[in-house]
Amino acid sequence: MDPPPTLVRAGAVRHGGGSASRARPSGRPGTVRHPGRAGGVTQESPVVALLRRILDENSGLDEGSVATYIPELAKADPSRFGICLVTADGAVYEVGDTRSEFTIQSISKPFAYALALDELGPDEVLARVGVEPTGDAFNEISLDPGTGMPSNPMINAGAITTTGLVVERHGAESAADLLGVFGGFAGRALRLDEDVYRSERETTHRNRAIAHLLRGSGALRGDPEAALDAYLRQCSVLVDAHDLGVMAATLAADGVNPITGVRVVSRRTVGDVLNVMDSCGMYDSAGDWQFTVGLPAKSGVAGGVIAVVPGRFGIAVFSPPLDRHGNSVRGVAVCRQLSSELDLHPLRSGTHAPSPLRSTSTLAGSGSIRRRPDADLEVIARRGSEVFVAELQGELDFVAAELVVRSILDAEPEPRFAVVDLRHVDVLHPAIAPLVVDLGDLLAARGGGLLVSAAPDQVGDDPIGPSVKRFADLDRALEWCEDHLLGGATTAPRSIALRDHPALAGLSGEAFDRLVPYLEPRAVAPGEALIRRGEPIGGLFLLTSGRLSALVPDPGHPARRAATLVAGMPVGERSLVGAVDGVVDVVADTEAECFALPVERMPRLRAEEPGLVVTLVSNLLSIAAARIDEFSGRPAAVARG
Ligand SMILES: NC(=O)CC[C@H](N)C(=O)O
């Protein structure tokens, strides 16, 4: 059946073939782009190929028969078969008959339950419908003997009550409201199959009995016929497998439709809905489903089945012939195969989350890049095991955080400080906050503390805990620890005389005196840049005091420190070969002093003092060579400092 003309629909290119498409949130529901199409030829995604194989392998399955108790459903074409998988971020994969419409039937139940929960809140809903799996058939005439209320919202008794709650609140508008919410989940306007609605209304004696029983028990408080009518209408909403895939994906995406980007219901509601789908969604085969598939799911007697992999994707299958429980035979078979082949069963997957520890070391093994004199490096090497260093990665939930805390507390010898780097952490669960704060206190009691290096968008700007220090990057945290271990005992020369600058080594006193007029003393305040990336370098700078850092941009993070500079080092050597732009920002960390040889004075120096220039350049070369040795692991030829 053609979709309403005003709507642009995802994947409208195909029927019966296979397609992968990706739709992003935009103003129009279901607007789509086809990444796999090149030169007019549709290139099939491997995911589509996988779904097609599963479709083919199950298309010989001829058991079951189409529902006949609703006369209109008996007309269904039993050969229709489609599979649609939609990811929580909006990629759509579909094979087979994913654009043939059928009525949603009982797959409407979780979505009506979502509307009731969202509007009335869980307390009011739970007072009228339970969450106990019964193992009953979908149409069982049953009430919980303890409460007198229906056991759960996935069997008809519970679903009619859920819809009754909506009717008590919205009256005549209820059917339209339900249709609107279903459309929000599907990402397009949906409509009723009037023939199926009329056909069921005329024959629904059993549901009518249930509705009146519910009125008698007090589960329904309004007109049972009105609740029944709204329920029958909600069951008669026309969808196709693509719609159901998007609806399931919206549940997978915590209630935000991944195609339209619109939040349909709250996150909390989705959690409640998935819970009852998990325990009660497949009626009297719920246990078998749990055992073999293990995913929250819902089936309908017109042949649809949905299953949800929370946070990941939704699956929809359409095939009308049903088993004795009223579940699509091929739908169940496809979900079983997908669950087992793709390792989707949450209790069976056997996969363990990757380790949150990307690397562990101590300060003795991995110091900061701050240049320090050898005597300081010896102190750091000797006391470095007091500082445990861990680079973390991936998702930091409670389980991951427990492992990190344990590895810090089990470390030998016992560290006083722990440096935890979050640069490679993608997700931080709020649940770990108390562990972080307490770990800081525990380390503080040892005379140390916890240092966290993280970008502001990971942990915000607020203090994390009384004994937790924050740093913009790992290197700065390591540097802080080194400074702490050194205390006031550092032997680092805070400043040197210009005469002692290694760049001027070997210059005679006279030559030095002739050079001095070319130089200009310059003071740099903390935070001030001596060189800026992309801007002309002003000259050669000979550092005589203070500390500076060379910073490179790191998308998504604060600038990364690529090198540190101290008294005795040259910066801006490249300006000697002509006017060039800086490739890094060189920024002072402390008050710093240097002598500048400005670029504009260089031509005259070259012309008038060629011998002096040769000495200067060869000194700069040996300093550079020493640094290269250092980076390549060879013992430095020039003393650090
Ligand atoms: N399991 C189902 O899909 C049942 C829905 C159907 N409308 C009924 O109430 O009987």
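Every number for a ligand or one of its atoms is a count from 1 in the order of the listing.
- Residue Q105 holds its CD atom at 5.0 Å from CG of L73, rounded to the nearest 0.5 Å.
- In this structure, F102 has its ring center under 6.0 Å from that of F318.
- P71 is linked by a side-chain contact (heavy atoms from CB on, under 4.5 Å) to S199, T203, counting only residues two or more places apart in sequence or in another chain.
- Considering OG1 of T162 and CE of M154, their distance stands at 7.0 Å, rounded to 0.5 Å.
- Residues with a heavy atom under 4.0 Å from ligand 1: Y69, Q105, S106, F138, N156, E200, N207, Y231, C235, Y283, G300, V301.
- Checked by atom type, the side-chain pair S236/D193 shows no donor-acceptor distance below 3.5 Å.
- The distance from the CE atom of M277 to the NZ atom of K298 is 8.0 Å, given to the nearest 0.5 Å.
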